[in-house]
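Below is one structure, written out as structure tokens; the observations come after it.
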Amino acid sequence: MTTLSVKTVFRLGLMVGIFITLFNTGCVKKEGATSGASSNIASGNEILVGEYGSMTGSESTFGVSTHKGILMALDEVNKAGGVNGKKLVLKSYDDQGQAAEAVTIITKLISQDKVSLILGEVASSRSIAAGAIAQQYKIPMVSPSSTNPKVTQVGDYIFRVCFIDPFQGSVMARFAINNLKLKRAAVFRDIKADYSVGLANFFVEEYKKMGGEIVADVSYASGDMDFKSQLTSIKGKNPDVLFIPGYYTEVGLVARQARELGLKAVLLGGDGWDSEKLTEIGGDAVVGGYFSNHYSHEDQSPVVQNFVAQFKSRYGEIPSGLAAQGYDAAMVAVGAMKRASELSPKAFREAIAQTKNFQGVTGMITINEERNAVKPAVVLKVVGRQKFSYITTINP
Amino acid sequence: MKLVQWVTIIVSVGILTGINYLLEENINPYVIRVVVNCGIGMILAMSLNLVNGCAGQFSLGHAGFMGVGAYTSAAITTVLALSPFFKTDMGVGCAIVIGGLAAALAGYLVGLPSLRLKGDYLAIVTLGFGEIIRIIFLNIEEVGGARGLPGIPPKANFFWVYLWVVITFVALLRLLRSSYGRAILSVRENEIAAESMGINVARYKVVAFVISSFFAGIAGGLFAHFQSFIDPNSFVFNKSVEAVIMVVIGGMGSLSGAILGGIIVTVLPELLRIFEQYRMVIFPLILIVLMLVRPMGLLGHKEIWELFRKKASS
């Protein structure tokens with residue numbers, strides 16, 4: 001019995017071995033024996049740009065919107081003659097909203113398709129996971145909308161064209177003092193979300209610096225349903241504004257319960273509010289609140305209106321913030337390619353790092369030393385059921 | 001052990017090292033990635049096969065045990081990082097084994113109360129436990145919560161993964177041929193008959209469940225140290241379903257079938273990338289056709305070499 005099993009194991013091992021060798025020799029013939037990522041852009045008349053995103057799965061709206069923006073940007077560039085006479089070709093893959101898939105396809109983009117620049121992802125967790133691979137092979141990656149500070153800390157080849165979480169906090173502090181002229185604030189933070197804690201900390205810092213007073217700073221945990229005890233203690237301090245840098249589900253509930261308790265403070269928040277679900281959950285309680293966001297299609301500046309018109313005629317829908325950011329990410333990348341000293345990933349990286357005062361749809365973009373975008377935020381007001389109106393733009 | 005066995009072990013390790021060397025020198029990293037993912041899929045499928053195929057219990061929570069292995073081993077090598085030893089190859093190897101043991105423990109805790117149930121009820125309970133395990137990780141801030149855990153040392157390469165494939169295969173093959181294995185199989189065939197033959201049905205179910213969880217944990221640990229990033233999203237219900245598909249496609253109860261299933265379910269979606277967004281329509285369609293043509297799975301209850309032997313004798 002034992003010798004038999006050993007024999008079969010050996011035979012099977014041999015079979016697996018043969019299978020793997022066959023599998024690989026097949027690939028060697030097709031791909032040529034290259035292990036690294038040496039893209040040969042100079043010879044062809046195309047430049048390959050890679051994109052990875054969640055085209056399917058529960059977050060598919062994020063990926064699809066971004067993809068539309070990127071596609072439109074590249075088509076526009078190609079119509080205008082491309083980069084140094086070379087056409088831009090987009091290779092895009094679906095990661096199904098899975099970090100493991102994102103890592104696999106970014107490896108495919110780099111090693112098999114040999115792209116010289118990568119655009120993606122929306123979710124910070126997937127940008128961090130896949131960014132490590134881009135960094136390893138030294139291919140520049142530009143994230144359109146991953147706002148977690150850790151994304152660009154992965155390495156010097158990782159960039160983003162959106163502002164980071166802490167910036168939004170200071171934006172809302174300035175808005176409260178300069179525009180609303182309200183100087184007594186309470187902060188209600190989601191202790192479990194990095195995002196919320198970052199926003200809250202920078203709000204408090206900026207608000208105090210500008211002469212405001214933080215009368216209360218309390219916390220909840222995402223998933224909570226009842227906030228009445230915290231809200232009662234906030235009410236006792238009688239604040240003018242209540243800053244809730246959380247996600248729309250909890251914000252809606254908090255707003256409802258705050259109004260039930262008779263708390264009259266103006267509600268403020270960040271881009272976690274940006275969902276039609278906000279008013280669905282919060283009802284009339286959230287109406288009158290303000291939140292910071294990346295872009296508003298109601299912004300009357302010609303750049304935005306031109307973009308909205310083009311997007312509408314192409315796709316028949318109003319572009320979301322993610323589409324605008326996808327568009328900007330592609331445009332920042334293309335701008336860098338045009339300025340680059342030569343057509344190589346390394347030169348592209350240098351050029352992206354030097355991006356200054358780039359006029360994008362989502363505002364004037366400058367890339368700083370941490371490879372983050374320094375750019376304005378817009379403030380929106382909740383005016384009714386699923387209706388947000390543009391109030392102002394706040395520069396960094 | 002006999003000389004022949006030692007030779008086999010040395011030869012197979014030699015072969016693996018050789019292939020590993022060849023791969024890393026010559027082949028494009030994407031292909032390596034798919035091949036290694038195949039290996040992880042094989043371990044996962046073989047381990048689930050023990051419960052779903054051999055013991056005849058329907059578990060739908062395998063991703064949970066994979067998650068336990070992944071998070072435990074990754075926590076040891078990154079968050080705890082008690083000594084620099086855990087950053088080396090051997091240290092990561094130890095961490096992965098500890099991850100497997102943690103998963104086995106989780107399997108024991110889950111299996112003990114729930115294996116009194118049968119069929120659909122057991123499926124629902126294991127599904128629930130799988131989700132609970134995931135939600136627990138989602139709420140532990142120390143391992144990154146929803147953000148995930150980056151920066152895990154990427155030590156699991158082709159060699160380590162396929163070494164574990166061989167270990168899993170040999171261990172499960174020998175288990176199934178032992179009296180333990182026969183007892184587990186008898187539970188599948190007829191519980192009452194098995195019981196009347198003096199087999200402690202509940203005990204063997206738990207044994208199968210614990211061993212299965214151990215190897216799922218190993219697969220998780222390898223996964224974590226291969227991707228170098230994990231998040232609770234990697235171990236959702238879909239992952240459990242994927243493992244079940246691997247087992248069903250290959251043939252319930254067939255170890256080599258599970259290996260085949262692991263390969264198919266990993267490689268096929270990659271090959272279908274040319275269809276872009278229709279990929280996830282075509283893949284299930286192929287699975288449906290496969291199930292209509294071969295309802296028993298590709299190999300049925302048989303092992304691949306049994307098919308060859310039959311041909312040779314006829």
Side-chain angles (χ1 to χ4, degrees), chain A residues 1-3 5-17 19-21 23-24 27-28 31-37 55-57 64 92-94 96-101 103-105 107-113 124-126 128-130 132-133 137 148 150 154 192-194 222-223, chain B residues 2 4-5 8 11-12 15-16 18-19 22-35 37 139 141 144-148 150-151 154 158 162 165-166 169-170 173-174 177 223 226-231 233-234 236 238-239 256 259 263 267 269-270 273 276-277 279-280 303-305:
Chain A
M1 198 67 184
T2 31
T3 46
S5 73
V6 168
K7 242 189 217 164
T8 43
V9 166
F10 185 72
R11 256 187 242 157
L12 210 95
L14 211 66
M15 271 169 57
V16 170
F19 164 76
I20 290 167
T21 350
F23 187 53
N24 287 325
C27 296
V28 171
E31 299 302 328
T34 42
S35 59
M55 314 288 181
T56 61
V64 172
S92 89
Y93 293 118
D94 170 28
Q96 295 174 282
Q98 292 281 337
E101 285 271 307
V103 170
T104 305
I105 57 180
T107 315
K108 184 176 166 73
L109 282 170
I110 293 171
S111 61
Q112 203 158 60
D113 298 321
S124 294
S125 63
R126 295 197 283 281
I128 292 171
I133 306 285
Y137 291 103
N148 191 294
K150 290 199 173 110
V154 168
K192 267 198 196 162
D194 238 21
S222 39
Chain B
K2 284 181 189 165
V4 129
Q5 287 168 314
T8 318
V11 166
S12 46
I15 291 174
L16 281 176
I19 298 175
L22 279 173
L23 278 175
E24 278 179 358
E25 288 302 302
N26 299 309
I27 312 297
N28 109 28
Y30 168 62
V31 176
I32 299 182
R33 217 155 242 292
V34 175
V35 171
N37 275 335
N139 283 287
E141 264 310 304
R147 242 179 311 116
F158 176 87
Y162 277 84
V165 169
V166 173
F169 180 77
V170 174
L173 191 71
R174 307 224 30 165
R177 287 181 175 180
F223 174 82
F226 176 59
Q227 300 286 0
S228 95
F229 174 87
I230 46 170
D231 60 352
N233 230 349
S234 310
V236 285
N238 269 355
K239 192 84 192 172
S256 41
I259 290 181
I263 295 172
V267 173
E270 291 300 328
R273 280 208 189 274
E276 293 182 4
Q277 66 264 52
R279 180 169 75 112
M280 280 300 143
E303 298 293 349
I304 202 159
W305 52 90

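So you know, we letter chains A, B, ... as the sequences are listed, proteins then strands, and number each from 1.
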Does any heavy atom of chain B fall under 4.5 Å from the side chain of A/Ile133, the backbone, both, or neither of them?
side chain
Contact class of [X] relative to chain A, heavy atoms under 4.5 angstrom:
{"X": "B/Phe226", "value": "neither"}
{"X": "B/Tyr30", "value": "both"}
{"X": "B/Asn37", "value": "side chain"}
{"X": "B/Asp231", "value": "side chain"}
{"X": "B/Val236", "value": "side chain"}

If only side-chain N and O atoms count, and only distance matters, is there a donor-acceptor pair under 3.5 Å linking [Y] with [X]?
{"X": "B/Glu303", "Y": "B/Ser256", "value": "yes"}
{"X": "A/Ser124", "Y": "A/Asn148", "value": "no"}
{"X": "A/Thr107", "Y": "B/Arg33", "value": "yes"}

Between B/Arg273 and A/Asp94 (side chain of the first, backbone of the second, donor and acceptor by atom type, cut-off under 3.5 Å), is there such a pair?
yes
Best-contacting candidate, A/Arg126, A/Gln98, A/Met55, against chain B by heavy atom pairs under 4.5 angstrom
A/Gln98
Those residues that, when tested against A/Lys108, pass salt bridge (charged side-chain N to carboxylate O under 4.0 Å, His left out) (two or more places apart):
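Scan of A/Lys108 (salt bridge (charged side-chain N to carboxylate O under 4.0 Å, His left out), adjacent residues dropped) gives none.
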Could you go through B/Arg279 and A/Glu101, starting from their C-alpha distance and side-chain angles, then the distance that decides it, and tell me whether this counts as salt bridge (charged side-chain N to carboxylate O under 4.0 Å, His left out)?
CA-CA 14 Å; B/Arg279 180 169 75 112; A/Glu101 285 271 307; 3.6 Å; yes
